[in-house]
> 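Dropping the structure in here first, questions after.
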Amino acid sequence: MKIYNTLSGQKEEFLPPGSEVKMYVCGVTVYDVCHFGHALSYISFDVIRRYLEYRGYKVKYVQNFTDIDDKIINRANERKIPWKELVETYIAEFYVDIDALNIKRATIYPRATEEIPKIIEVIQTLIDKGHAYVSEGSVYFSVKSFPGYGKLTHQSPEDMRVTETSVTETKEDPLDFALWKTAKPGEPSWTSPWGEGRPGWHIECTAMSIKHLGTTLDIHAGGQDLIFPHHENEIAQSECYTGVEPFVRIWMHNGFLQMGADKMSKSLGNLVTIKQALERNSADAIRLFIISSYYRMPLRYSLEALDAAEAGVERFRQALKAEGKQGAEAVDADQFKVRFIETMDDDFGAPQAVAAMFDLVREINRGSEKGMDISRAQAMLKELAGVIGFTLQEEKKLTPDEEKKIEELIAVRNGHRRAREWKQADEIRKQLAELGVAIEDTSKGTTWKIAR
RNA sequence: GGCGGCGUAGCCAAGUGGUUAAGGCGGGGGUCUGCAAAACCCCUAUGCAGCGGUUCAAAUCCGCUCGCCGCCUCCA
């Protein structure tokens, strides 16, 4: 299996030393609900995780919550609620969203505020080793103390643009970043050897990943925006702390979601939340939309493409409903699995893997028309769909009463059809359509489904 | 200024040196059906932003040009 590594800029053979893959995916700062960009990232890595498991790896998947941060403090103050309440609200919302998107839960979801002792230990070690310094109650990492700084970004520190905001009185060098921030009056804080304060953003990921996964991770993933400074800083902190190189074997970054010309981001205010997206499209369609583009490529948000994905998902569902002839000549499904695996083995080529699945669908439908045995092929389609993370379930959220009424109308209509009373039959079909129900007359009887 | 990426049919999107340029959606024609729906069959890029170059061979490598985007500041 080959995976593209941001660090080397090349596809590398993936050879985890153990049977268990240690995977860390940067999580969200919980001060707001998740948006489509999060869905893109977390669905991409969910597919990767599912595929690794499909290939026989046990995956220990760690995803953090950043539950203390300037934005959390500010938002809580705006709403005049305790920061803890804000955090709990959005952690709960996070789970609602990822469950609705059929994203597998991580093995562990550590929270920054629950890892303070480890964070303090890491910072103290960095100070002791001369990689960090205390300044007015805060602690900063000294970038020039780590010669490898810039290796992930492929840029030397000298070439980095120094902006006004990065220059402060308390830092020795504009590139230095905070490990520990001293608390302002009234802010939530924890006791440390350097006074009351709270952890910086980058250090929490170092502390949490090392605590839960060890000194070297197999995969560390996140959005491309995290390459600099977040992941660059993590490498610096982690390798200086442990003395072990590499901190991460494979760095994976997903391409960004763009809204028209711009990227979707909180600061631009052009967000589509996951909840809004799910009101319009099924989780399967959102997933298909996302993975029909390669995970490292940018993806433009498009309602037209989402609706196209909805129709594509329906095609999968129909193929699972197709009828075959048990015991007849069977459709050969193995070739599609071979294609699926070949393409996924090459840096998770999901777009082509999905193409193989669509070809399998055509083969199932052909087999069905020809009266072949398609049961194994359908089982294969289900298997591959599971690897991608499709549910392929129809969203029939109707009450038993509603279903009964639909069945009754269909029975009446079929009475008219038998009597060749087409006008009346068509009238009922129209009635059902108005209820949002689409019907199909097949040789085996009439079936119905919810029309989107 | 530095680093990275993108430009392929009406739309989305694979393909990164060599058979007819995947797949989905949409569109057109046909089969089936009372009619639909679903499904199946056929068609829908002599060309991959443009211009040069390397090569027996390029969407694919190199150079230049044009257009677009991301990161260097919180962000998946």
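Naming: A, B, ... by sequence-line order, numbering from 1 per chain. Every heavy atom of this structure was used, including side-chain atoms; hydrogens, water molecules and symmetry mates were not.
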> Between the side chains of A:Arg249 and A:Asp218, is the shortest nitrogen-to-carboxylate-oxygen separation below 4.0 Å, so that they form an ion pair?
yes
> Pair up each side-chain donor or acceptor in residues 419-427 of chain A with any protein partner under 3.5 Å, not counting sequence neighbours, and list the distances.
{"residue": "A:Glu421", "atom": "OE1", "partner": "A:His416", "partner atom": "ND1", "Å": "2.6"}
{"residue": "A:Asp426", "atom": "OD1", "partner": "A:Arg429", "partner atom": "NH2", "Å": "3.3"}

> With no angle test and no hydrogens, is the base of B:G34 tied to the side chain of A:Asp426 by a donor-acceptor pair under 3.5 Å?
yes
> Nearest to the side chain of A:Glu440 - B:G34, B:C40, B:A38?
B:A38
> To the nearest Å, give me how far apart CD1 (A:Ile388) and C1' (B:G23) are.
13 Å
> Go through the structure and list residues passing ring-ring contact (aromatic ring centres under 6.0 Å, His included) with A:Phe358, not counting sequence neighbours.
A:Phe316
> Do A:Tyr4 and A:Phe348 have ring centres separated by under 6.0 Å?
no
> Please produce a list of atom pairs where a protein N or O lies less than 3.5 Å from an N or O of nucleotides 26-31 of chain B.
none

> Could I get the full list of side-chain contact (heavy atoms from CB on, under 4.5 Å) partners for A:Glu323, not counting sequence neighbours?
A:Lys444
> Using a 4.0 Å heavy-atom cut-off across all strands, classify A:Arg413 as base, sugar-phosphate, or nothing.
base
> Quick test of your reading of the model: are A:Glu187 and A:Arg198 salt-bridged, counting only N-O distances below 4.0 Å?
yes
> Would you say A:Phe358 stacks on B:G23, if stacking means ring centres under 5.5 Å apart and planes within less than 30 degrees?
no
> Looking for any heavy atom pair under 4.0 Å, which part of the strands does A:Ile439 touch: base, sugar-phosphate only, or nothing?
base
> So which nucleotide from B:C71, B:G34, B:C69 ends up closest to the side chain of A:Gln258?
B:C69
> Which residue pairs pass the salt bridge (charged side-chain N to carboxylate O under 4.0 Å, His left out) test when at least one of the two sits in residues 93-102 of chain A, sequence neighbours left out?
A:Glu93-A:Lys275, A:Asp97-A:Lys275, A:Asp99-A:Arg105
> Students often get this wrong, so: under 4.0 angstrom with heavy atoms, is A:Asn365 touching a base, only sugar-phosphate, or nothing?
sugar-phosphate
> Only one of A:Gln224, A:His253, A:His231 forms a side chain to side chain donor-acceptor pair (under 3.5 Å) with A:Thr6, so which one is it?
A:His253
> So, under a plain 3.5 Å distance rule, would you say the side chain of A:Asp441 forms a donor-acceptor pair with the base of B:C35?
yes
> Which value, in whole Å, describes the distance between the P atoms of nucleotides B:A39 and B:C48?
34 Å
> Please list each protein N or O that sits under 3.5 Å from an N or O in nucleotides 10-14 of chain B, with the distance.
{"residue": "B:C11", "atom": "O2'", "partner": "A:Glu304", "partner atom": "OE1", "Å": "3.4"}
{"residue": "B:A13", "atom": "O3'", "partner": "A:Ser292", "partner atom": "O", "Å": "3.3"}
{"residue": "B:A13", "atom": "O2'", "partner": "A:Ser292", "partner atom": "O", "Å": "3.0"}
{"residue": "B:A14", "atom": "OP1", "partner": "A:Ser293", "partner atom": "OG", "Å": "3.3"}
{"residue": "B:A14", "atom": "OP1", "partner": "A:Tyr294", "partner atom": "N", "Å": "2.5"}
{"residue": "B:A14", "atom": "O2'", "partner": "A:Gln352", "partner atom": "NE2", "Å": "3.3"}

> Using a 4.0 Å heavy-atom cut-off, does A:Gly9 contact any base of the nucleic acid, only the sugar-phosphate backbone, or nothing at all?
nothing
> Base, sugar-phosphate, or nothing: which does A:Arg420 touch, judged by heavy atoms less than 4.0 Å apart?
nothing
> Which atom names give the shortest non-hydrogen contact between A:Ser293 and A:Met297, and what distance separates them?
OG-CB, 4.1 Å
